[in-house]
Amino acid sequence: MDKVENVTGEKKRRKMSMSKRHNLTGWIFLAPATIMIAIMSFVPMVQALLLSFKKGVGAKLEWAGLFNYTRMFQDAVFMQSLKNTFLYLIIQVPIMLILALILASILNKKDLKFKGLFRTMIFLPCATSLVSYATIFRSLFAVDGLVNTVLIKLGILNTGYSFLTQPTSARIIIIIALVWRWTGYNMVFYLSGLQNIEYSVYEAAKIDGASPIQTFFKITVPLLKPTILLTAIMSTNGTLQLFDESVNLTGGGPANTTITMSHYIYNMSFKYVPNFGYAAAMSFLIFVLVAVLAFFQMKVGDKRDE
């Protein structure tokens, strides 16, 4: 009996030691990446947070408490950048996601010819660099650009219209550019989700007499809800950090009517007299906005626990 107990105890010790070895091996492989992430991401984040409570230029920094955070809401340019960013978010993100979902549903049909070609063509804008595509759109909508040339040829305009120097048209162009650039990116996510749905579900709906619109709203949208939630969170995150389009397409003009929060942070850090404390405070406001909106979207969109 004692021998049996001793053998059992040895087996347990061996199992425990093997388990510890596996855990130790896992941590050894994870340690380099964990250390690098901590050094390159979390340490700078903590330093930036501390910096956001200081004011001054260069080495002459002094503790200022919440001065930078209260200053933001008295800064007319920052408030304008906040309004602009949320305008892009409210208009562009829904249009882009709805368009991506519709295109994915069309390109997922089995009997559609040249699907690969159409998918590639819609995704190609996403492969264009941010600076390049912003420059292309700026050229297209210039006074002597292709858009004005076509409108004059058609008799719609007599002379070239300065799209990028008018607040409303400049904002519209940024929204158009964003939709053109990112629709294909989100379409790929929806295509991936649709290909995980059994085609027999659509065939059954067709046999039951469901129209394409009913199929879309009753089958496609509910089954793609997790993917839609994911793309909504990513798109919100990206739009709140919008930078390249404001800098390269309109330069934030005219008169800061198209400037975004990230663009203004860049200006405060590198273009004007450097004010890193104030820039850090604005950066953390973006961080809080991203976290709050992502949490809200998760609560509204994720109903798996109900």
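Since we're looking at a predicted model, the values are computed, not measured. By convention here, the first residue in the shown sequence is residue 1.
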**Message:** Main chain of L285, side chain of Y69: is a donor-acceptor contact present, judged purely on distance under 3.5 Å?
**Reply:** no

**Message:** Could you check whether any side-chain N or O of N275 sits under 3.5 Å from a backbone N or O of K55, counting only pairs where one atom can act as donor and the other as acceptor?
**Reply:** no

**Prompt:** CD of Q92 to CD1 of I174: how many Å apart, nearest 0.5 Å?
**Reply:** 10.5 Å

**Sub-4.5 Å side-chain heavy-atom contact between S262 and I286** = yes

**Asked** So, the side chain of T260 versus the backbone of L242: is there a donor-acceptor pair under 3.5 Å, distance only?
**Response** yes

**Fill in**
One should read off an interatomic distance between D244 CG and L178 CG, to the nearest 0.5 angstrom, of 10.0 Å

**Request:** Could you tell me the separation between the NE2 atom of H263 and the CG atom of N256, rounded to the nearest 0.5 Å?
**Result:** 8.5 Å

**Message:** Using the rule side-chain contact (heavy atoms from CB on, under 4.5 Å), only one of T168, L164, V147 pairs with I173; which is it?
**Reply:** L164

**Validation row: W182, S235 side chains within 4.5 angstrom (heavy atoms)** = no

**Separation between NZ of K271 and CD1 of I265, rounded to the nearest 0.5 Å** = 15.0 Å

**Backbone of A104 reached by a side-chain donor or acceptor of N108 within 3.5 Å** = no

**Prompt:** More than 12 foreign heavy atoms under 6.0 Å from CG of N158: is that the case here?
**Reply:** no

**Request:** Please check if the side chain of T70 supplies one atom and the backbone of F67 the other of a donor-acceptor pair under 3.5 Å.
**Result:** yes

**Message:** Set out, in order, the CA-CA distance, both residues' side-chain angles and the distance that settles side chain to side chain contact (heavy atoms under 4.5 Å, CB included) for T239 and F86, then state yes or no.
**Reply:** CA-CA 8 Å; T239 306; F86 271 90; over 6 Å; no

**Message:** Check for me, please, whether L140 and V179 land in the same ILVMFWY cluster - side-chain distances under 4.5 Å, paths through other members count.
**Reply:** yes

**Message:** As an exercise, state the distance from CD of Q47 to CZ of F276, rounded to the nearest 0.5 Å.
**Reply:** 13.5 Å

**Message:** Has R181 got a side-chain atom pairing as donor or acceptor with T128's backbone, closer than 3.5 angstrom?
**Reply:** yes

**Distance, nearest 0.5 Å, that separates CD1 of I156 from OH of Y161** = 14.0 Å

**Among I102, T220, I228, L103, the one residue meeting side-chain contact (heavy atoms from CB on, under 4.5 Å) with Y190** = I228

**Asked** Judged by atom type as modelled, is there a donor-acceptor pair below 3.5 Å linking the side chain of N186 to the main-chain atoms of L97?
**Response** no

**Asked** With under 30° as parallel and over 60° as perpendicular, where do the rings of F141 and F137 fit, or are they tilted in between?
**Response** parallel

**Request:** Test V290 against every option in T236, L240, I233 by the side-chain contact (heavy atoms from CB on, under 4.5 Å) rule and name the one that passes.
**Result:** L240

**Fill in**
Residue pairs meeting side chain to side chain donor-acceptor pair (under 3.5 Å), one or both in residues 72-86, sequence neighbours left out, come to D75-Y264, D75-Y278, Q80-N84

